[in-house]
Visitor: 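Take this structure first; my questions come after.
Whatever order the structure lists ligands and atoms in, that order sets their numbers, starting from 1.
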Amino acid sequence: MKILITGSRGQLGSDLVKYFTTDFEVLGVDIKEMDVTDPAEVSETFDSFRPDIVLHAAAYTDVDGAEADTEPVMKVNAEGTAHIAQSCKEHGARMVYYSTDYVFDGRKGAPYMESDVPFPINEYGRSKLEGEKRVAEILDNFTVLRTAWLYGAYGKNFVRAVIRRGWQQIRAKHDGQIVTSVKVVNDQAGNPTWTMEVARQTRVVIENNLRGIIHATAEGETTWYDFAKEIFEYLKMPVYISPCSSEEYGSAAVRPANSSLENVVLKKAGLNVMRDYKAALFEFLSQTGELTE
Ligand SMILES: NC(=O)c1ccc[n+]([C@@H]2O[C@H](COP(=O)([O-])OP(=O)(O)OC[C@H]3O[C@@H](n4cnc5c(N)ncnc54)[C@H](OP(=O)(O)O)[C@@H]3O)[C@@H](O)[C@H]2O)c1
């Protein structure tokens, strides 16, 4: 079984490569080896590697940057995804496209199911939804795996960023400087999900040939503020943090107030291997906590 993994230097792509390499023939490619917006490069990669399965984790993920200039985000997340789907069709490869909780507006007041109608409220969400549509138009045999609030050992993510800010504050306090609290948004809720859990769930999905739209997030929801508190408590870091509103934080992109997902399809099939977010977080921190300092 040959697996092509796009976005292989990103957070999720790195863990997908690490996880699948043990049992499969894997080719990981990122923008330098194969720019998904270039159909010729995509074709060449498929022709030479001839994948059976494609895990498409490459994406334009700068949610705030996407608001300023909508062209690149659509080009990568919609058109680039269509190029991958087209090559999958030509080669008879099975495609898994990673999508996001940001396809929803966050106003439902309960976790979103796969049957809920998406309504994105920012450019990133619109581009990922457009990617989903292109995949479904081009392929019969596809999986859209919607996940959320990803963190892992590689790349930029909330867990690593908040630990870094915590250590900055602890050092400043130690050096006798005036410290400011770490401000964390408290009016957005979701399911923080470890990339390694998504890799494990992806394998279960592939091996059981699950198709269509599938939600795959950690169990349980929290806010960014409570999540930060849990991280500092687990690491026993004496950090002074305070909650703030999204408006006060002032990001360029508006984000859903509560974009929690329910893994309905996985649970109905008896194939949900996503754990509670705290269990996954604590395992992640026990492995990498001190490295993220
Ligand atoms: N992060 C989250 O919280 C989250 C939540 C839900 C769903 N997702 C989805 O999960 C997937 C993985 O996310 P992630 O957090 O691992 O993203 P990431 O860390 O930003 O990784 C994405 C990778 O794709 C690469 N890339 C960008 N443009 C490309 C292009 N034109 N051709 C080829 N590669 C390109 C990026 O390279 P550069 O770094 O050089 O741009 C990066 O290495 C994405 O589909 C994302 O939409 C993410």
Side-chain angles (χ1 to χ4, degrees), residues 4-19 27-42 44-45 54-66 69 71-85 87 95-104 106 112 118 120 122-132 134-135 143-161 188 190-199 201-202 213-218 224 227 253 255-256 259-261 263 274 277:
L4 177 67
I5 298 172
T6 71
S8 62
R9 277 189 286 279
Q11 311 189 63
L12 177 60
S14 301
D15 270 345
L16 289 172
V17 170
K18 194 167 151 190
Y19 179 75
L27 175 65
V29 288
D30 210 285
I31 190 160
K32 281 194 193 125
E33 299 80 32
M34 187 194 79
D35 183 339
V36 299
T37 65
D38 182 338
E41 279 187 22
V42 172
E44 277 164 32
T45 307
V54 179
L55 306 181
H56 179 40
Y60 180 111
T61 57
D62 179 358
V63 178
D64 293 312
D69 185 0
E71 205 201 312
V73 69
M74 271 293 171
K75 199 162 182 208
V76 177
N77 296 349
E79 284 174 38
T81 297
H83 297 149
I84 299 290
S87 284
M95 179 171 181
V96 176
Y97 167 60
Y98 294 95
S99 190
T100 171
D101 55 328
Y102 282 13
V103 298
F104 294 112
Y112 286 94
N122 59 38
E123 294 301 332
Y124 168 74
R126 279 189 271 278
S127 71
K128 293 296 294 183
L129 180 60
E130 190 56 33
E132 290 188 8
R134 303 279 181 101
V135 169
T143 302
V144 170
L145 216 58
R146 287 194 192 131
T147 188
W149 290 29
L150 289 182
Y151 64 89
Y154 311 97
K156 283 187 206 161
N157 61 61
F158 178 83
V159 176
R160 297 182 71 196
Q188 291 169 30
N191 318 110
T193 302
W194 182 18
T195 45
M196 197 47 97
E197 299 271 299
V198 179
Q201 185 67 69
T202 299
I213 294 173
I214 297 171
H215 288 178
T217 56
W224 290 118
F227 191 47
R255 287 163 168 79
S259 54
S260 296
L261 305 182
N263 303 342
M274 304 300 289
Y277 80 88

Visitor: Out of curiosity, is Gly155 lining ligand 1, as in a heavy atom under 4.0 Å away?
Guide: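 Distance cut 4.0 Å: Gly155 fails for ligand 1.
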Visitor: Parallel, tilted or perpendicular: which describes the rings of Tyr102 and Tyr124, with under 30° parallel and over 60° perpendicular?
Guide: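 If you compare the ring of Tyr102 with that of Tyr124, the planes turn out perpendicular.
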Visitor: May I ask you to decide if Ala57's main-chain N or O and Thr6's side chain share a donor-acceptor pair within less than 3.5 Å?
Guide: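 Confirmed, Thr6 side chain pairs with Ala57 backbone.
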Visitor: Hey, is ligand 1 close enough to Leu12 that some N/O pair sits below 3.5 Å?
Guide: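 Right, the criterion is met.
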Visitor: Quick check: does Gly13 get an N/O under 3.5 Å from an N/O on ligand 1?
Guide: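 There is no such contact.
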Visitor: Taking heavy atoms and a distance under 4.0 Å, where does Phe158 meet ligand 1: side chain, backbone, both or neither?
Guide: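 Neither part.
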Visitor: Pick one: which of Trp194, Trp224, Phe227 meets ring-ring contact (aromatic ring centres under 6.0 Å, His included) with Trp149?
Guide: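 That would be Trp224.
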Visitor: Please confirm whether Asp30 comes within less than 3.5 Å of ligand 1 when only nitrogen or oxygen atoms on both sides are compared.
Guide: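 So ligand 1 has an N or O lying under 3.5 Å from an N or O of Asp30.
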Visitor: Under a heavy-atom criterion of less than 4.0 Å, does Gly80 contact ligand 1?
Guide: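 No; Gly80 lies far enough from ligand 1 that no heavy-atom distance drops under 4.0 Å.
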Visitor: Looking at ligand 1, does Ser8 have a heavy atom less than 4.0 Å from it?
Guide: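 No, that is not the case, since the closest heavy atom of the residue is not under 4.0 Å from the ligand.
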Visitor: Can you pull out the closest protein heavy atom to atom 28 (N) of ligand 1? Residue, atom name and distance to 0.1 Å, please.
Guide: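 That would be Val76 CG1, 3.8 Å.
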Visitor: Is a salt bridge present between Lys128 and Asp101, judged by a nitrogen-to-oxygen distance below 4.0 Å?
Guide: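 So Lys128 does not pair with Asp101 through a salt bridge.
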Visitor: Starting from atom 7 (C) of ligand 1, find the nearest protein heavy-atom neighbour and note its residue, name and distance.
Guide: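 In this structure, atom 7 (C) of ligand 1 has Ser99 O, 3.1 Å as its nearest protein heavy atom.
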Visitor: Return the residue, atom name and 0.1 Å-rounded distance of the protein heavy atom closest to atom 32 (N) of ligand 1.
Guide: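 Heavy-atom neighbour on the protein nearest atom 32 (N) of ligand 1: Val36 N, 3.0 Å.
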Visitor: With a 4.0 Å cut-off on heavy atoms, is Met34 touching ligand 1?
Guide: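 True for this residue.
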Visitor: Say whether Gln11, considering both its backbone and side-chain N or O atoms, lies within less than 3.5 Å of an N or O atom on ligand 1.
Guide: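 Yes - when backbone and side-chain N and O of Gln11 are compared with those of ligand 1, one distance drops under 3.5 Å.
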Visitor: From atom 41 (O) of ligand 1, is the closest protein heavy-atom distance below 4.0 Å?
Guide: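 No.
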Visitor: Taking a cutoff of less than 4.0 Å between a non-hydrogen atom of the residue and any ligand atom, is Trp149 in contact with ligand 1?
Guide: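 A heavy atom of Trp149 does come that close to ligand 1.
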Visitor: For the residue pair Phe104 and Arg146, establish whether any side-chain heavy-atom pair is separated by less than 4.5 Å.
Guide: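 When only atoms from C-beta onward are counted, Arg146 and Phe104 do touch, with a gap below 4.5 Å.
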Visitor: Hey, mind stepping through Leu150 and Asn157 against side chain to side chain contact (heavy atoms under 4.5 Å, CB included) and telling me if it holds?
Guide: CA-CA 7 Å; Leu150 289 182; Asn157 61 61; over 6 Å; no
Visitor: Thr147 to ligand 1: N or O pair under 3.5 Å?
Guide: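 By distance alone, the answer is no.
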Visitor: Between His215 (side chain only) and Tyr112 (backbone N and O only), is there a donor and an acceptor less than 3.5 Å apart?
Guide: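 Present.
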Visitor: How close does the nearest protein non-hydrogen atom get to atom 11 (C) of ligand 1, and which residue and atom is it?
Guide: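 Minimum-distance protein heavy atom for atom 11 (C) of ligand 1 reads Ala57 O, 3.6 Å.
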Visitor: Side chain or backbone of Thr61 under 4.0 Å from ligand 1, or both, or neither, by non-hydrogen atoms?
Guide: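 For Thr61, the contact with ligand 1 is made by the side chain alone.
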Visitor: May I ask you to identify the nearest protein heavy atom to atom 31 (N) of ligand 1, giving residue, atom name and distance to one decimal place in Å?
Guide: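 In this structure, atom 31 (N) of ligand 1 has Asp35 OD1, 2.8 Å as its nearest protein heavy atom.
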Visitor: Is the side chain of Ser99 donor-acceptor paired with the backbone N or O of Leu145 at a distance under 3.5 Å, no angle test?
Guide: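 Such a contact is absent between Ser99 side chain and Leu145 backbone.
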Visitor: Under 4.5 Å between any side-chain heavy atoms of Met34 and Val36, yes or no?
Guide: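 Yes; the side chains approach each other to less than 4.5 Å.
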Visitor: With only distance considered, is Asp101 within less than 3.5 Å of ligand 1 through an N or O on each side?
Guide: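 Between Asp101 and ligand 1, no N or O pair is found under 3.5 Å apart.
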Visitor: Any non-hydrogen protein atom below 4.0 Å of atom 21 (O) of ligand 1?
Guide: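 Yes.
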Visitor: Should one rank Gly7, Ala216, Ala59 by closest heavy-atom distance to atom 26 (N) of ligand 1, which comes out on top?
Guide: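 Of the listed residues, Ala59 has the closest heavy atom.
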Visitor: Atoms of ligand 1 less than 4.0 Å from Ala148 heavy atoms?
Guide: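 Listed by number with element: 5 (C), 6 (C).
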Visitor: Could you give the distance from CG (Leu55) to OH (Tyr98), rounded to the nearest 0.5 Å?
Guide: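 With rounding to 0.5 Å, CG (Leu55) is 4.5 Å from OH (Tyr98).
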Visitor: By the definition side-chain contact (heavy atoms from CB on, under 4.5 Å), identify the one residue from Asp30, Val17, Val29 that meets it with Arg9.
Guide: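 Result: among Asp30, Val17, Val29, Asp30 is the only option passing the side-chain contact (heavy atoms from CB on, under 4.5 Å) with Arg9.
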Visitor: Compute the shortest N/O to N/O distance between Thr100 and ligand 1 and return yes if it is under 3.5 Å, no if not.
Guide: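 Looking only at distances, the answer is no, because the N/O contact criterion of under 3.5 Å is not met.
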Visitor: Between the side chains of Asn191 and Thr193, does any donor sit under 3.5 Å from an acceptor?
Guide: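 Per modelled atom types, Asn191 and Thr193 side chains form no pair under 3.5 Å.
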Visitor: Let me see the working for Met95 and Thr81 under side chain to side chain contact (heavy atoms under 4.5 Å, CB included), right down to the final yes or no.
Guide: CA-CA 10 Å; Met95 179 171 181; Thr81 297; 4.0 Å; yes
Visitor: Calculate, to the nearest 0.5 Å, the distance between atoms CG and NE2 belonging to Leu16 and His56 respectively.
Guide: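 One finds 12.5 Å between CG of Leu16 and NE2 of His56.
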Visitor: Would Tyr124 count as a contact residue for ligand 1, given that I'm defining contact as a non-hydrogen atom of the residue lying under 4.0 Å from a ligand atom?
Guide: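 Yes, Tyr124 has heavy atoms under 4.0 Å from ligand 1.
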Visitor: Which residue from Thr37, Asn191, Leu150 reaches closest to atom 4 (C) of ligand 1 through any of its heavy atoms?
Guide: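 Checking each option, the heavy atom nearest atom 4 (C) of ligand 1 is found in Leu150.
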Visitor: Could you tell me, atom by atom, which parts of ligand 1 come under 4.0 Å of a heavy atom of Arg9?
Guide: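 Ligand 1 atoms under the 4.0 Å threshold to Arg9: 43 (O).
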Visitor: As an exercise, identify every atom of ligand 1 less than 4.0 angstrom from a heavy atom of Lys128.
Guide: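 Listed by number with element: 44 (C), 45 (O), 46 (C), 47 (O).
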Visitor: Looking at Asp35, is its backbone amide N or carbonyl O close enough to the side chain of Glu41 to form a donor-acceptor pair, meaning the two atoms are under 3.5 Å apart?
Guide: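 Present.
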